[in-house]
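Order of the sequence lines fixes the chain letters, A, B, ..., with proteins taken first and strands second; residue numbering starts at 1 for each chain. Nothing here was measured: the structure is a model prediction, and the numbers come from that model.
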Number of protein chains: 2
Amino acid sequence: MRLGHITLATVMGQRLVHSWVMARWKPNAPERLAEAALDLFAERGYEATTVAAIAQRAGLTKSTFFRYFADKREVLFGGLTMDQLLAAGIAAAPDSATPLEAVADAFELLGNDVFTPDRRQFSRRRRAVIAANPELQEREALKGLRIGAAMVEALEQRGVPAITARVAAHVASLSLTMAYTRWSEGAEDFADLARRSLTELRAASASF
Amino acid sequence: MRLGHITLATVMGQRLVHSWVMARWKPNAPERLAEAALDLFAERGYEATTVAAIAQRAGLTKSTFFRYFADKREVLFGGLTMDQLLAAGIAAAPDSATPLEAVADAFELLGNDVFTPDRRQFSRRRRAVIAANPELQEREALKGLRIGAAMVEALEQRGVPAITARVAAHVASLSLTMAYTRWSEGAEDFADLARRSLTELRAASASF
DNA sequence: AGAGTGATGTGACCAAGTCTCATCACTGGT
DNA sequence: ACCAGTGATGAGACTTGGTCACATCACTCT
């Protein structure tokens, strides 16, 4: 994003004047698109919302939308890169940590970088929209699989046997889902919720 | 499918004559579409294959395709209704069965009704096509979630506590995936593979 | 014989997604 | 001051997935 000094910028046919900092275009196009999309999805539903309408509300066009998002669904999934964060967190855990302890360490990172309090409201609305639409559930399901696969790989690189890694990653995925649900719907800290759900599941997996 | 006696049938512009049994249309339209689709997906790739091309190879039209399948992807997922089979199997397990034992019983049903030897070749090709395309992976991921949800519900109706049910269902899903992979790629009996993967995972879940 | 019936075909239509090219405010060097 | 980039955006044509209303036509039933 280019910035200049006290200039004029023609944006979407309107002239904008800023006192101190000038932007050639309105900033944060992807963010604006995501918010416009969430608004419209919540108002009219996902199917009844066209990409053109989203772009228009964000003061942009269909072209620009698809420049930032691979498809219409991705506008609700764009920012997140939990795969890498989790992989990094698992890799950084002390050698003495068990698989689930390593996962717990990684979840701390998520609490700091992803599930921050300012995103809770957005996440809550996003969840409601996704819950109402199978197309979006598909995208979320696939993201979940990718996250699980990333955890499996990270655990294997710690020397965890393949099967143990897969079971642990599956349990961790479930734990993540539970913690995320509770986090977005309540007011608690994500890291706390993640710890709690992990211990709950560890206990439950003893009673097969 | 209507049948008559020794008549003529005009099908796709060609006249077909059968000696004993007459069909007004070529039979098994959905099956023919699914096979045509798998052929073309394998040849040219999923994206490069249009629905019109699939329909044409099956001797039908786009309209008919969408009459049988909700969308292009579904042509590879149409037949399976594992949800209900698994739910029924879990419900039918003896009261004394542990969650994973009930799941094991349900897997027997799958071996008899779904993963039969005659479908192995189709499944192998299907898996290869899905592995090559994210859109299809999304659909499969969602089906997996639905199957897991069905197992959770069935387990809860047996009186299994909610959290135990969720963990057990997740482990069962992983087991199902593993067994399915091995079944489609090898030559073994599905029920055997399912039993084996379940015991493997039970053992692995002790070493968190 | 004539009125269904049911699987299929036809064609128009909308929206998702791709692609190529144009625009235009700003930048940086000469 | 000028002029050739540069980069985010727009314009518009095009393909394809998916929907819908309606036509067709061989066969069935009364």
Side-chain angles (χ1 to χ4, degrees), chain A residues 1-18 21-33 37 40 44-56 58-75 133-136 139, chain B residues 1-18 21-33 37 40-41 44-56 58-75 133-136 138-139:
Chain A
M1 190 61 59
R2 297 290 179 88
L3 299 179
H5 286 288
I6 309 191
T7 59
L8 286 177
T10 301
V11 181
M12 298 304 303
Q14 304 168 25
R15 293 200 159 259
L16 299 179
V17 182
H18 300 255
V21 176
M22 290 301 307
R24 180 169 175 186
W25 298 281
K26 284 189 197 169
N28 304 325
E31 208 172 309
R32 275 155 49 214
L33 285 166
L40 291 173
R44 317 176 187 172
Y46 172 81
E47 304 241 315
T49 304
T50 69
V51 171
I54 298 169
Q56 190 179 7
L60 295 165
T61 61
K62 204 179 93 172
S63 289
T64 303
F65 181 97
F66 286 111
R67 211 167 271 124
Y68 287 110
F69 303 105
D71 55 44
K72 185 181 169 186
R73 312 170 192 181
E74 197 63 15
V75 71
N133 191 278
E135 269 189 69
L136 295 170
R139 179 60 46 88
Chain B
M1 190 59 57
R2 299 289 179 89
L3 298 177
H5 287 288
I6 311 194
T7 60
L8 286 175
T10 302
V11 181
M12 298 305 303
Q14 305 170 24
R15 292 196 162 261
L16 299 179
V17 181
H18 300 255
V21 176
M22 291 301 307
R24 179 168 175 187
W25 297 282
K26 285 188 197 170
N28 303 325
E31 207 171 310
R32 274 155 50 213
L33 285 166
L40 291 173
F41 292 166
R44 317 176 187 171
Y46 173 81
E47 305 242 312
T49 303
T50 70
V51 170
I54 298 169
Q56 189 179 6
L60 294 164
T61 62
K62 202 179 95 172
S63 287
T64 303
F65 181 96
F66 285 112
R67 213 166 268 127
Y68 287 110
F69 302 105
D71 57 44
K72 184 180 169 186
R73 312 169 191 182
E74 198 63 15
V75 71
N133 190 279
E135 269 189 69
L136 295 170
E138 285 191 343
R139 179 59 47 88

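- The distance between atom CG of B/Asn133 and atom P of D/dG17, rounded to the nearest whole Å, is 12 Å.
- Under the side chain to side chain contact (heavy atoms under 4.5 Å, CB included) criterion, A/Arg67 pairs with A/Ser63, A/Thr64, sequence neighbours left out.
- Here A/Thr64 reaches the OP1 or OP2 of D/dG10: one of its side-chain N or O atoms lies under 4.0 Å away.
- Judged as a side chain to side chain contact (heavy atoms under 4.5 Å, CB included), and not counting sequence neighbours, the contacts of B/Ala53 are B/Leu40, B/Arg44, B/Thr50.
- The interatomic distance linking B/Arg32 (CZ) with C/dT8 (C1') rounds to 11 Å, in whole Å.
- At the phosphate of C/dA7, neither OP1 nor OP2 sits under 4.0 Å from any side-chain N or O atom of B/Tyr68.
- Axis angle across the helix from C/dA1-D/dT30 to C/dT30-D/dA1, with five pairs used at each end and values rounded to 10°: 0°.
- B/Phe69 is linked by a ring-ring contact (aromatic ring centres under 6.0 Å, His included) to B/Phe65, counting only residues two or more places apart in sequence or in another chain.
- Set against D/dA11, C/dA15, C/dT8, the side chain of B/Arg67 has C/dT8 as its closest nucleotide.
- The distance between atom CD of B/Glu135 and atom C1' of C/dA16, rounded to the nearest whole Å, is 11 Å.
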With the criterion being N/O to N/O and under 3.5 Å, what pairs connect the protein with nucleotides 17-19 of chain C, and how long is each?
unit_1 : atom_1 : unit_2  : atom_2 : d
C/dG17 : OP2    : A/Lys72 : N      : 2.6
C/dG17 : N7     : A/Lys62 : NZ     : 3.2
C/dG17 : O6     : A/Lys62 : NZ     : 2.8

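- Annotation: ring-ring contact (aromatic ring centres under 6.0 Å, His included) contacts of A/Tyr46 (sequence neighbours excluded): A/Phe41.
- With sequence neighbours excluded, the residues forming a side chain to side chain donor-acceptor pair (under 3.5 Å) with A/Glu74 are A/Arg139, A/Lys143, listed by chain and number.
- Summarising the geometry, the separation between CZ on B/Arg44 and C1' on D/dT16 is reported as 14 Å, rounded to the nearest angstrom.
- Taking atom CZ of B/Phe41 as the reference point, atom C1' of D/dG17 lies 12 Å away to the nearest angstrom.
- In this view, B/Glu135 and B/Arg73 satisfy the salt bridge (Lys or Arg N to Asp or Glu O under 4.0 Å) rule, not counting sequence neighbours.
- Checked against A/Leu33 for a side-chain contact (heavy atoms from CB on, under 4.5 Å), the options A/Val51, A/Ile54, A/Asn28 give a single hit: A/Ile54.
- Taking atom CD of residue B/Glu31 and atom P of nucleotide C/dA7, one finds them 16 Å apart after rounding to whole Å.
- Distance check, rounded to the nearest 0.5 Å: NZ of B/Lys72 to CD of B/Glu47 gives 6.5 Å.
- Taking atom CD on A/Gln56 and atom P on C/dA15, their separation rounds to 13 Å, with Å as the unit.
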